[in-house]
Colleague: 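For reference, the structure I am asking about is given below.
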Amino acid sequence: MTKTELKRQQTKTVIELLQNKFGAKNFDNDQGSYFTFNIGDFTGHLERRDFSVLIHEAMRMGPGFTQEEYDIRDAAEVLENGLNKEIEYYLSK
């Protein structure tokens, strides 16, 4: 299997993992370097290069936000960390 074929296969299986285990939907191949997707009310993107996931709502926040906004950010960080750990574990097998 060539490097390109391996990368395509890994990409396909990582997307399937996110869909089947975490309910990710609406995958869109944005600009070729990453895929955007949704999990519930969260929006994220999956990097093609290293399969890392970033959840957009897990952004840094300074003072001045409501507790609800901080809670959403905290939940997004937990989700982002869980997704990345699961992908890392899956790819290490």
Colleague: Going by heavy atoms in the side chains, are Ile55 and Leu83 under 4.5 Å from each other?
Modeller: yes
Colleague: Grab the two heavy atoms, one from Tyr70 and one from Gly62, that are nearest each other, plus how far apart they are.
Modeller: OH-O, 2.5 Å
Colleague: Over all heavy atoms of both residues, which pair between Thr11 and Phe51 is shortest? Give the atoms and the distance, please.
Modeller: OG1-CE2, 3.3 Å
Colleague: Under 6.0 Å from the CD atom of Glu77, do we count more than 12 heavy atoms belonging to anything else shown?
Modeller: yes
Colleague: Could you point out which residue of Asn26, Thr36, Asn38 forms a side chain to side chain donor-acceptor pair (under 3.5 Å) with Thr43?
Modeller: Asn38
Colleague: Return the minimal non-hydrogen interatomic distance between Glu86 and Leu17, and the atom names on each side.
Modeller: CG-CD2, 4.1 Å
Colleague: How would you list all residue pairs meeting ring-ring contact (aromatic ring centres under 6.0 Å, His included) that involve residues 73-93, not counting sequence neighbours?
Modeller: none
Colleague: Report the hydrophobic cluster partners of Leu6, with the cluster defined as I, L, V, M, F, W, Y residues connected by side-chain heavy atoms closer than 4.5 angstrom, directly or transitively.
Modeller: Met1
Colleague: Determine whether Glu80 and Asn84 satisfy the following criterion, side chain to side chain donor-acceptor pair (under 3.5 Å), listing intermediate values before the conclusion.
Modeller: CA-CA 6 Å; Glu80 180 179 283; Asn84 283 314; 4.8 Å; no
Colleague: Looking at Arg49, is its backbone amide N or carbonyl O close enough to the side chain of Lys7 to form a donor-acceptor pair, meaning the two atoms are under 3.5 Å apart?
Modeller: yes
Colleague: Quick check for you: to the nearest 0.5 Å, what is the distance between Gln10 atom CD and Ile87 atom CD1?
Modeller: 11.5 Å
Colleague: What's the shortest heavy-atom distance between Ile39 and Phe22, and which atoms?
Modeller: CG2-O, 3.4 Å
Colleague: Taking the side chain as everything from C-beta on, heavy atoms only, tell me whether Arg48 gets closer than 4.5 Å to Asn29.
Modeller: yes
Colleague: Any idea which heavy atoms bring Glu47 and Leu54 closest together, and the distance?
Modeller: OE2-CD1, 4.4 Å
Colleague: Taking all heavy atoms of Ala76 and all of Ala58, pick out the closest pair and write down the distance.
Modeller: CB-N, 3.6 Å
Colleague: How would you list, by chain and number, every residue that makes a ring-ring contact (aromatic ring centres under 6.0 Å, His included) with Phe37, sequence neighbours excluded?
Modeller: Phe27
